[in-house]
Amino acid sequence: MTHDDTLAAALAGDGFLLFDGAMGTQLQERGLAAGELPELLCLTDPEKIAEVHAAYVAAGADVVTTNTFGANAAKLGDAASVEEVFSAAVACARAAHPRYVAADIGPTGQLLEPMGTLAFDDAYELFARQVRAADAAGADLFVIETMADLAEAKAALLAVRENSDLPVFVTMTFQEDGRTFLGTTPEVAAVTLSALGADAVGINCSLGPRDVAPLVKRMLPWASCPVMAQANAGLPRVEGGETRYDVGPEEYAEAVAGMLDAGVTIVGGCCGTTPAHIAAERALLAGRRPALRALRDCLTVAGPQRLVALAPGQVGVIGERINPTGKRKMKEALRSGNHDHVIAEAMAQERAGAQILDVNAGLPEIDERAVMRRLVSELLSVTTLPLQIDSSDPAVVEAAVRSYPGKALINSVNGKAESLAAVVPIAARYGCALVGLTLDEDGIPATAQGRLAVARKIVAATDAAGIPRHDVAIDCLAMAASTDQTAPRAILDAIRAVKSELPGVRTVLGVSNISFGLPFRPLLNATFLAAALGAGLDLAIINPGVRRMMDVVDSWRVLSGEDEQARFYVEHYADRSDAPGAAPSPAGEKDAAPAPAAELPADPVERARALVLDGRAEPMGEAMAEVLQCHDALFAINEVLVPALDEVGRRFEDGSFFLPQLMASAEAAKAGFEVVRAAAAPGDAAAAGKGEVVVCTVKGDIHDIGKNIVRMLLENYGFDVIDLGRDVDPEVVARTVEERHVRLAGLSALMTTTVPAMAETIELLRERAPWCKVVVGGAVLTPEYAQMVGADFYAKDATETARIAEQVLAP
Amino acid sequence: MAAVREDFDVRSVERGEVLRYLGYAGQALTPELDARIDEVVETCLATCRPQGVVRVFDVAGRGEKNGAPVIRLSGTALELAGRSIDEHLAGAVAVGVLAVTVGMGVEVELRRLSLVDPVAQVIFDAAGTAAVERAADAAEASIVAEAHERGLFCGTRFSPGYGDLPLSTQPVLLDALDAGRLLGIRLSPALLMSPTKSVTAVVGLFERPRPEAHASCGGCPCRDFCVLLRAGSTCRG
């Protein structure tokens with residue numbers, strides 16, 4: 001075979017490709033000091049690096065991997081430039097005369113947002129520089145390896161695809177529990193990275209080959225590209241001051257044989273493997289043919305920790321609640337930036353049985369792109385459900401799906417030429433599943449055949465863009481039965497037509513429009529949902545919190561055979577009854593245990609005060625509602641809640657309360673305030689806030705506990721808190737304060753290394769919003785330090801911050 | 001020689017330890033809060049995946065760098081600079097280096113709680129701190145055992161950022177233990193470790209027993225993890 005044939009055959013899945021083994025452990029044996037940057041040896045001792053490569057070539061490796069694992073600008077610092085290292089590293093590899101040189105790219109060494117502080121775009125830039133350097137140095141392909149974070153793997157893969165035409169292989173590293181350090185499974189990695197255009201996906205490092213085998217096998221049905229494995233030589237053990245790996249070449253090859261039988265076609269080795277291991281693999285490959293693989297015909301979407309895969313005949317539920325249309329509280333949440341309500345809706349929908357969450361931030365007066373990105377990041381922190389990115393603006397969709405750590409579902413494209421041209425390429429480029437609406441320049445066709453014609457147009461575009469049909473879901477668009485009673489039948493016929501005329505394509509439907517303008521809508525919605533499922537609907541966009549809708553889904557799954565042996569149904573519905581008085585208990589939830597019967601005063605005012613002092617939020621709503629029966633909002637706040645909170649503050653000051661007590665009390669008071677605010681007439685001054693306060697943890701710092709405590713207490717005292725979160729750029733603080741003319745900003749820093757970012761933020765605030773006072777706090781701060789960074793106030797704890805806020809924002 | 005990862009069992013974290021991190025000083029708790037604390041601590045310990053890496057390096061020499069004393073170690077690029085570490089390791093012939101973490105799962109849950117339940121976040125955070133300190137105790141016990149094999153005696157732990165041992169020691173220290181690959185520890189430009197519930201430290205190995213450390217098994221933080229004690233001996237010879 002010629003040079004190009006081996007790689008081309010491997011890329012097509014028709015041939016094997018053998019990589020080399022470990023570089024790091026080989027260098028350690030040759031005296032590399034612990035903690036030394038091994039990449040610098042490409043410059044200082046190229047012969048040594050070439051010697052390692054040559055040994056692997058002699059052992060039969062097709063591909064050698066450059067010694068550039070950590071050669072990114074952040075890790076190299078001033079020691080050498082990325083370009084110098086890659087140029088030298090590729091030269092070292094070439095010197096060994098391998099068939100191919102793979103440019104190696106390892107993790108940045110930093111944690112990406114939102115868990116860490118490295119922005120996705122900055123990670124991308126670090127990788128892009130490596131890619132350009134390797135490409136210029138003449139590498140033949142890229143291998144991105146030892147990734148634990150799917151977002152980081154995605155940034156690296158995009159950097160290769162957008163800065164080079166060379167093939168790119170991506171492998172992640174897993175622990176014994178079958179997940180990466182950040183919780184990604186082999187299935188999620190395979191689906192996401194192969195959809196994003198990796199030429200091979202797989203596993204490296206992690207464990208010995210026996211433990212890697214079952215994990216890599218889990219990737220095989222889900223990867224639409226060749227699958228690769230480079231395991232460690234077992235586990236290292238220290239014997240007499242020497243580290244030894246416990247799996248020798250023969251045993252290693254034996255385990256690799258099992259992987260080949262299952263369909264893996266690209267192999268090599270990681271930590272602890274030697275040229276002898278590679279030689280054993282070379283012998284193993286002789287005379288073998290790649291095994292046949294069977295890919296699943298499923299619509300797939302994935303969050304970083306969870307894969308949702310729908311085989312034909314299975315139905316899925318998309319939660320529709322995170323959408324401001326017609327929802328006052330959702331609108332308020334998106335406008336104010338206080339996303340508690342969004343988060344609560346997300347968690348409630350997950351509990352109720354949603355498998356995917358629709359996310360829509362479409363409000364005319366907000367920066368939809370910024371809000372969408374923040375919502376996605378927050379939702380990723382509170383739910384493992386994959387997201388459906390819902391926007392009519394292609395730029396918003398692209399911004400959200402580009403950095404989404406998984407495979408998103410895009411809602412939506414339609415049959416208009418402009419929409420097809422803008423959205424289909426985004427879905428193809430980022431490997432997303434796509435919802436297609438059956439409307440075009442002429443509006444929504446009235447007939448089933450008309451809708452089918454639009455669907456054909458959409459599917460022609462997705463076919464041409466290479467999007468697999470099982471990743472396209474056509475929405476035949478539910479219209480109100482009250483305005484046209486032929487509409488429901490047309491929709492059902494359209495679903496049937498799409499399923500039969502466009503084989504492989506899936507269908508999706510936002511159900512609730514059907515009942516618009518009619519009374520008792522849930523009943524119509526449920527009946528229509530049942531009919532749509534019967535017509536072949538695959539995905540229902542509904543409010544899973546409406547019991548009747550989930551009843552239809554759960555019962556349909558019995559009738560369709562999806563719920564095998566009706567296990568789920570029996571488990572969750574055995575005790576259900578329509579008998580009068582029988583309270584339906586929500587699926588999966590235990591009945592709430594009665595609150596412990598502590599003695600509480602009968603007088604609601606006394607009771608509410610006692611509940612704040614005891615920190616019991618649950619009975620608070622009822623107590624405040626009773627208070628409001630005989631008193632107004634002003635009384636409830638000034639005579640009940642605030643005095644109780646003051647007492648809590650006193651007790652915290654004198655040490656008779658400790659932190660969790662202070663916080664539990666704040667939580668109870670918050671529950672009380674919510675009742676007062678909900679009951680107050682619009683414009684009621686008593687229930688209106690005392691003014692806005694911006695709080696955040698400064699750039700570079702992710703410790704947010706102190707900031708969260710401050711936020712709770714300020715909210716208690718009636719301030720409207722704009723919580724910008726943690727690791728917040730000075731510019732974002734300044735812009736928010738400036739735009740909303742906020743009079744007090746609270747900044748927190750926990751590390752000496754992040755205090756300079758605090759000073760920088762204050763400086764910017766002085767320049768842009770000189771009216772704004774600044775209060776600072778955090779473990780490393782002192783009154784002197786606070787003065788040094790230019791703050792107006794130092795607060796030693798949350799209660800003091802509340803006092804300062806009262807003082808600054810006094811009317 | 002490559003670094004080797006160890007798994008630790010930190011179920012011995014006591015409620016009292018967690019309460020101390022929360023600033024508890026004997027206040028009377030309602031049964032509700034009491035139960036809530038227990039529940040969150042239990043969840044945290046169930047979420048923890050305590051792992052660590054230790055390596056022992058011989059002291060290669062002492063010198064001066066930028067006017068401050070510096071200790072050089074053999075077989076590693078790691079250097080320990082500053083007066084405080086110089087005093088702490090005065091007379092040490094070798095240095096044990098450790099990195100431990102309770103894992104990214106704890107970090108993920110902390111982030112989730114920060115958005116949905118700040119009260120639980122505070123308790124969970126304290127439990128995570130107690131757990132990672134226990135993991136550090138366990139790693140220290142491994143160093144004590146290695147010291148014992150060599151006839152040496154351990155001092156107490158000392159971490160970058162304490163005294164004038166600079167935080168900038170972290171990158172090389174973590175690389176020397178291959179902590180990114182083996183433990184998943186990442187380091188931000190502000191030198192903040194993620195997971196935040198991670199600890200790095202160094203421990204001196206001396207030719208004579210240290211009065212301040214491991215003086216009795218009763219008060220020794222390593223007690224629960226001590227292989228010597230299990231074998232019926234002690235590190236004091």
Side-chain angles (χ1 to χ4, degrees), chain A residues 24-25 28 33-37 74 107 109-111 114-118 146 148 173 181-183 205 235-238 241-243 271-272 343-344 347 378 381-382 596 598 614-616 655-661 663-664 667 700-705 708-709 711-712 751-754 757, chain B residues 1-5 19 22-25 27-33 35-37 49 55 57 74-78 103-105 107-108 110-112 114-119 121-123 125 161 167 171-178 180-181 183-184 186-192 194-196:
Chain A
T25 40
Q28 280 155 13
E36 196 182 329
L37 290 178
Q110 301 177 43
L111 189 61
M115 300 294 302
T117 60
L118 183 64
T146 323
T173 177
F181 284 122
L182 275 104
C205 205
L235 289 173
R237 267 201 293 266
V238 179
E242 295 284 309
T243 308
C271 302
I343 285 162
M347 295 197 304
E378 287 175 349
S381 300
V382 297
D614 282 356
R616 294 174 55 192
S656 51
F657 267 16
F658 78 135
L659 188 57
Q661 288 173 299
M663 295 189 70
E667 188 181 55
D701 209 323
I702 58 167
H703 296 95
D704 61 358
I705 288 196
N708 290 345
I709 300 169
R711 170 185 166 170
M712 264 184 107
M751 315 237 317
T752 45
T753 45
T754 53
Chain B
M1 174 178 144
V4 179
R5 177 173 68 205
L19 287 175
L22 286 166
Y24 183 69
Q27 293 90 345
L29 301 183
T30 60
E32 287 84 359
L33 188 56
R36 199 164 172 189
I37 291 173
R49 197 188 160 86
R55 289 189 68 175
F57 301 101
S74 54
T76 174
L78 177 65
M104 201 56 86
E107 199 67 17
V108 167
L110 277 171
R111 163 80 179 159
R112 190 184 75 81
S114 84
L115 293 168
V116 303
D117 188 348
V119 181
Q121 188 197 8
V122 165
I123 301 165
D125 184 84
L167 262 184
V172 181
L173 191 158
L174 289 168
D175 278 349
L177 299 178
D178 207 3
R181 199 187 274 263
L183 303 176
R186 306 283 186 254
L187 199 61
S188 82
L191 303 172
L192 164 71
S194 287
T196 50

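When the side-chain hydrogen bond (donor to acceptor under 3.5 Å, both in side chains) test is applied to A:T753, no partner is found at least two apart in sequence or on another chain. Taking the ring-ring contact (aromatic ring centres under 6.0 Å, His included) definition, one finds that A:F658 meets it with B:Y24, sequence neighbours left out.
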Steps toward side chain to side chain contact (heavy atoms under 4.5 Å, CB included) verdict (A:C205, B:R181): CA-CA 9 Å; A:C205 205; B:R181 199 187 274 263; 3.0 Å; yes
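Ranked by heavy-atom pairs under 4.5 Å with chain A, the list B:I123, B:V108, B:L191 is led by B:V108. Here A:S656 is the residue among A:G700, A:G183, A:S656 with the most heavy-atom pairs under 4.5 Å with chain B.
When each of B:L29, B:T30, B:V119 is paired with A:Q661, the side chain to side chain contact (heavy atoms under 4.5 Å, CB included) condition holds for B:L29 and for no other.
Using a 4.5 Å heavy-atom cutoff, the side chains of A:L37 and B:D175 are in contact. Using a 4.5 Å cut-off on side-chain heavy atoms (C-beta onward), B:Q121 and A:M663 make no contact. When side chains are defined from C-beta on, A:R711 does not count as touching B:P118, because their heavy atoms never get closer than 4.5 Å. You'll find the side chain of B:D178 stays beyond 4.5 Å of the side chain of A:Q28, heavy atoms only.
For A:I343, the part lying near chain B is the side chain, with the backbone staying farther off; criterion is any non-hydrogen pair under 4.5 Å. Looking at B:R5, the atoms closer than 4.5 Å to chain A (heavy atoms on both sides) all sit in the side chain, from C-beta outward. Only the side chain of A:E667 has a heavy atom closer than 4.5 Å to any heavy atom of chain B. In this structure, no portion of A:L235 lies under 4.5 Å from any heavy atom of chain B.
Taken to the nearest 0.5 Å, the NE2 atom of A:H703 stands 12.5 Å off from the OG atom of B:S114.
Checked by atom type and distance alone, the side chain of A:Q110 never pairs as donor or acceptor with a backbone atom of B:R186 at under 3.5 Å.
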